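Reminder, nothing fancy here: chain letters follow the sequence lines and each chain counts from 1. Small disclaimer: the values here were computed from a predicted structure and weren't measured.
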Protein chains: 2
Amino acid sequence: MTVTSVHDPSHREALWELEDAFERGDLVSVFGTCTVSYEGRAASDLGAGDRLLVLKPDGAALVHTDEGRQPVNWQPPGSQHRAAVRDGRLRVVSTRSNPDETLTVRFSDVHQLSAMAVTGGRDLTLHGSEEDLRTRILERPGLVEPGFEPRETERPSNAGPMDVFGVDADGTPVVVELKRRRVGPDAVGQLARYVRALEEELGIEEAADDNGGTGDGDRDPDDAPGVRGILVAPSVTDRAAERLADRGFDHVALDPTPAE
Amino acid sequence: MTVTSVHDPSHREALWELEDAFERGDLVSVFGTCTVSYEGRAASDLGAGDRLLVLKPDGAALVHTDEGRQPVNWQPPGSQHRAAVRDGRLRVVSTRSNPDETLTVRFSDVHQLSAMAVTGGRDLTLHGSEEDLRTRILERPGLVEPGFEPRETERPSNAGPMDVFGVDADGTPVVVELKRRRVGPDAVGQLARYVRALEEELGIEEAADDNGGTGDGDRDPDDAPGVRGILVAPSVTDRAAERLADRGFDHVALDPTPAE
DNA sequence: GTATTGATCTCGTGC
DNA sequence: GCACGAGGTCAATAC
């Protein structure tokens, strides 16, 4: 089996194993007592402690403590790993450019080092994403509202691509913004940008909304809108609901996956 | 140091080690060939392949392939790990509630299993965050613009807390939104929400309070906005710049850390 | 390369 | 518990 593993190695022994593992393109895990420092997009220091260092052949480096889903320190894929023994410590440095950043892990003790050749088997089939929600709607447009007709997905606009563009039963243009989970006010802002961009593009002028300054698309919900906005999400927060009402947008409660 | 480590263990042997490690509250790493399935906020399946499984005493579980900073599958902290041998495979299941979700890892082969007791040493000192940017501005308000006077940070509003609230040289209220890096249109929307909320708030106060506020609260609707918005960030995208101009907001180029 | 947005985002903080 | 926003976010995609 292609796993090498050393228990309580000397620094020099650990160094050999690391260099071999880098050479082979192995996935490496190192248990040990170390300090960590990072400099790049920000800068950080982490005092001595026991941690797990994971080094990947694609250049990713992860320093994990006993808590949290997130590594306490890391280096993104595309970095270069190097190892050396300096000042009686095993030093692992991972660097990359653009942006320039460096992660340095200094081990006073290495307790356990393992390396394994790993290939393939990384394609995940995932269900329940925003894309699934879109598929669901395209297959059954009536879920949005009776008479809704999708015309285009990822339709380009000055404000970027809108999730779904279509028309309602009256033929009024509709912008649909999809979210796979409960949303806050930011999603309403996003929808508003698309609606506004489409209104400008279609040459639909809103009544009395061109004083520059703070005019930001407020409308009277009683007005017949030039372009409608519909937010499709399982639910919305109170503040988002307020903002939806302000803009005259609708919310449709829908999950990315059908109820089971 | 208490590191246990087994190479090419039988499933039963691996099971013992796992259960002991769970008992002791160890940080665990497992190299092996496995399939992974997840069901909860979404659902996913991953075919057989060699991976690294990390199990943390706080309940976090991470499945890593040879690529990427992100685990291909995971379970958040607060989950419960369990292990068993079923159908000739070593099965590790991690579950949590609220939301209900389950990660199942089935090993056909375990190549290497290590466990280490880990405590403390997880407080990181980080520099270059948004908070550093705020500190910088509070110490030298002139960086925003000459005459700017910060009055409050995290000032509450109907739209949430604004990063910095203050007044400019003319006494006009100013909302400052801070970003540690280059920003897109979303940040302008965020700033706009705060400015709008503050305008409404001040409008209500003026209407409800006959004395008006301080003398410097006067403004000319045609000329100056009631509330100014300033986005402080290293830089902004074109679309964000457009949007800033639309709203009449200003951009101040500033890094979280002084140039070196 | 930059820009934009989704994510099983995670994580902290405040209510 | 929910809501809101930051993050060295990461990662995919379009340009």
Discussion item. Distance check, C1' atoms only: D:dG8 and C:dG14, in whole angstrom units.
Written reply: 25 Å
Practice prompt. Answer yes or no: side-chain N or O of A:E130 and base N or O of C:dG6 forming a donor-acceptor pair under 3.5 Å.
Written response: no
Response to the item:
Between A:Q190 and B:V236, the residue closer to the 5' end of DNA chain C by nearest nucleotide is B:V236
Worksheet item: Base, sugar-phosphate, or nothing for B:R96, non-hydrogen atoms under 4.0 angstrom?
Response: nothing
Worksheet item: Separation of B:R134 atom CZ from D:dG5 atom C1', in whole Å?
Response: 12 Å
Worksheet item: NA contact type, A:A159, heavy-atom cut-off 4.0 Å: base, sugar-phosphate, or nothing?
Response: sugar-phosphate
Practice prompt. Take the protein atom CG of B:L133 and the nucleotide atom P of D:dG7, then report the distance between them rounded to whole Å.
Written response: 9 Å
Discussion item. Under 4.0 Å, counting only non-hydrogen atoms across every strand here, what does B:R239 touch: a base, just sugar-phosphate, or nothing?
Written reply: sugar-phosphate
Discussion item. Rounding to an integer number of angstrom, what distance separates D:dA14 and C:dT8 when you compare their C1' atoms?
Written reply: 25 Å
Discussion item. I need the residues from residues 67-78 of chain A with at least one non-hydrogen atom less than 4.0 Å from DNA chain D; give them sorted by number, or say none.
Written reply: A:N73, A:W74, A:Q75, A:P76, A:P77
Worksheet item: Is A:P156 touching bases, backbone alone, or none of the nucleic acid, heavy atoms closer than 4.0 Å?
Response: nothing
Worksheet item: Heavy atoms under 4.0 Å, any strand shown: does B:E154 hit a base, just sugar-phosphate, or nothing?
Response: nothing
Practice prompt. May I ask you to say what A:S44 touches in the nucleic acid, namely base, sugar-phosphate or nothing, with a heavy-atom cut-off under 4.0 Å?
Written response: nothing
